[in-house]
There are 2 protein chains.
Amino acid sequence: MAKERKKTVASLQELADLAGVSRATASRALNDNPMISEKTRARVQALAAEHSFSINRQARAFRLRRSNLIAVVFMLDVKSDQHMSDPFFLEMLGGIADALAERDYDLLLTHAPVTDVLGLRNGRAFQQADGIIFIGQGEQHDALNELTEEDTPFVVWGGPVGEKRYILVGGDNHGGGHAATRHLLDAGRRRIAFFGNTRNPEIAARHAGYAAALAERGLEPDPELTVDVPFDMPHARDVTSRLLETARQFDGVVCASDVIALAAISTFAALGVRVPDDIAVVGYDDVALASYSSPALTTVRQNIRWAGRVLVESVLGLVNGDDVTDTQLQSELVVRDSSMRRTGGSAPE
Amino acid sequence: MAKERKKTVASLQELADLAGVSRATASRALNDNPMISEKTRARVQALAAEHSFSINRQARAFRLRRSNLIAVVFMLDVKSDQHMSDPFFLEMLGGIADALAERDYDLLLTHAPVTDVLGLRNGRAFQQADGIIFIGQGEQHDALNELTEEDTPFVVWGGPVGEKRYILVGGDNHGGGHAATRHLLDAGRRRIAFFGNTRNPEIAARHAGYAAALAERGLEPDPELTVDVPFDMPHARDVTSRLLETARQFDGVVCASDVIALAAISTFAALGVRVPDDIAVVGYDDVALASYSSPALTTVRQNIRWAGRVLVESVLGLVNGDDVTDTQLQSELVVRDSSMRRTGGSAPE
DNA sequence: GGATACTTTGCAATCGATTGCGCGATTTCC
DNA sequence: GGAAATCGCGCAATCGATTGCAAAGTATCC
């Protein structure tokens, strides 16, 4: 009797009957349509709440041709096998999810190893979602350009590229790469390597910043020290150890991600190279776990959660037909290893 | 002219017209309904492919009252603030996403800090999705029981609990906790702590395994050494350092997650405690990054991607009205620190 | 050949919400 | 007091696919 929830009302029609109005009026009342009188609106809404009625979203989506769904597509490079275990993705996803929830949108997660991005045209993302967020460009830049022909709008998280027809949101990769490299230079390092796949636009920009920082000090980047390290741990480890065997003449390394950095550090340790004494390492992304390595990892912070918000605002802007422009977010060097500075060869402790 | 994609066909009606059949026949042909002759079916499907027609999923979902969407809800404890930065979640999500994609389902991600789980009843997950996967029970066990009243079926990843009315999938938490503890005991440790929030059912089971392992060796677990460490790094660090100040009489610690373990190790290091010489640490989950800490972290592996598959199969089983039972997956100790054994007080290096 | 059975296809209702248009009632204005 | 403007609401079409049922066409049997 004192049941808090009354018999639930299934359809708009039932609610209308209950309120003694037509379906049309009930619909308008729920949507705060000004055509409806204040009194009627209040009554209908009260009844809706009382009977815990909520509109059938399927029907609504069908009628309005609008699902309130935004798809998130992770562009995973199969070759370099940057897979989801990079915490960066999760934090980004969290940021996007939160921002979408605030705007009353839902998140459709599409996680396909994307070799053929164009195949997405016939996939769910383009069919069901009102808009799409691509995380990363991988090496699929041209395919993305082609997707702009479709009528589902999208934005991309990534790095600068040449001919671009889509909306891009990204960090200041050039600045980040520059700051990271500069940090090592300031610590007295001279032979600085770069670990990362420069075919990826974001990483290419970081690498450009790296090269620029070297140039400012009159240093020429050694091509042999730019290594295409895959994103995931096991591979990174292999490549790193191989490099150490063949050309151990470097004393610092700028990594394209924290995961790479941690893999490198771990590998160095296994091979008896001391970090940061022999080789100093800088990461990228400032994932939560990075601060807990020992020594704590110096890295470039991107405000990932905020990035998620910007992505959401951009894509919803497109959905609503607003003018949307590219966005570049700040990146910031986070220095954690105060003892990296070269003091003349003596290792502390 | 040699355009590979002909003018796309928007609706079933158009396709039917093109094929010279009725909408009904076209629909049945596309769905391989045996009522339709082989010839007609082939013709319709060929035309559909040729004009890259794909059914309007909104309309279909509306008509069939079935969206082919499975919602994934992360149960985040606000108090203990276990947030998404734990890579465990991401790997699980990847496993679920893959398994769903194979079954032609999509993933609706719902990421709400769930204080009031019952509020989900009116949320999107219950409205749009055909089924739901909850990741973790948090401390919301009773609320979950109540949700079984709703008509959207769901399964839960988590640990054993008392009165349970829902389908549960989980790892062998008791066995894992036992193995982890046993490992430390075998290495000669005697004062072993447990870090984790035992109000969480999974962790409670791990703790039970921990206690059981101690008991087998005639040791009584010291309540003071069971510490409710929050899941995220900063808090874990605080709590850990406090513990060290007040009661530093332990030589091993079983952690409820790798993230906690890494935080603990980092804290120990900062406080001058040597790992594993002074205190040996075992983690849980075997997240990718764990293997790269130094020393590499011994941990309990759960096959998370497989877990994702099992969750998907279970929830789809429920959706289809099959009988579904609880599942317990294997857990396995991964030993990475060969040098942990106590050798009489002499620290190597 | 005619009746019966089976196969193949089409008709039309249906799912639930939204919205253009029109109608009656009320207010406003002169 | 009457015409015009305004307000509040309902009628009915509509979105696109699915499906029970009936009808038309074809094969089978005696």
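Proteins come first, then strands; the chains are lettered A, B, ... in the order of their sequence lines, and each starts at number 1. On a predicted model such as this, the values are computed, not experimentally measured, just so you know.
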Under 4.0 Å protein heavy-atom contacts per nucleotide of nucleotides 9-18 of chain C, with B for base, S for backbone only and - for none: BBB-BBBBBB
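A salt bridge links D326(A) with K164(A): at least one charged nitrogen is closer than 4.0 Å to a carboxylate oxygen.
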As a quick check of understanding, evaluate side chain to side chain contact (heavy atoms under 4.5 Å, CB included) for Y166(A) and H141(A), giving each step before the final call. CA-CA 10 Å; Y166(A) 50 81; H141(A) 169 60; 2.8 Å; yes
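Across all non-hydrogen atoms, the minimal contact from S67(A) to Q58(B) is CB-NE2, 3.4 Å.
Here the straight-line distance linking atom CG of D130(A) with atom CG of L316(A) works out to 8.5 Å at 0.5 Å rounding.
Taking the six-membered ring where tryptophan is involved, the planes of F134(A) and F126(A) are tilted, since the angle between them lies from 30° to 60°.
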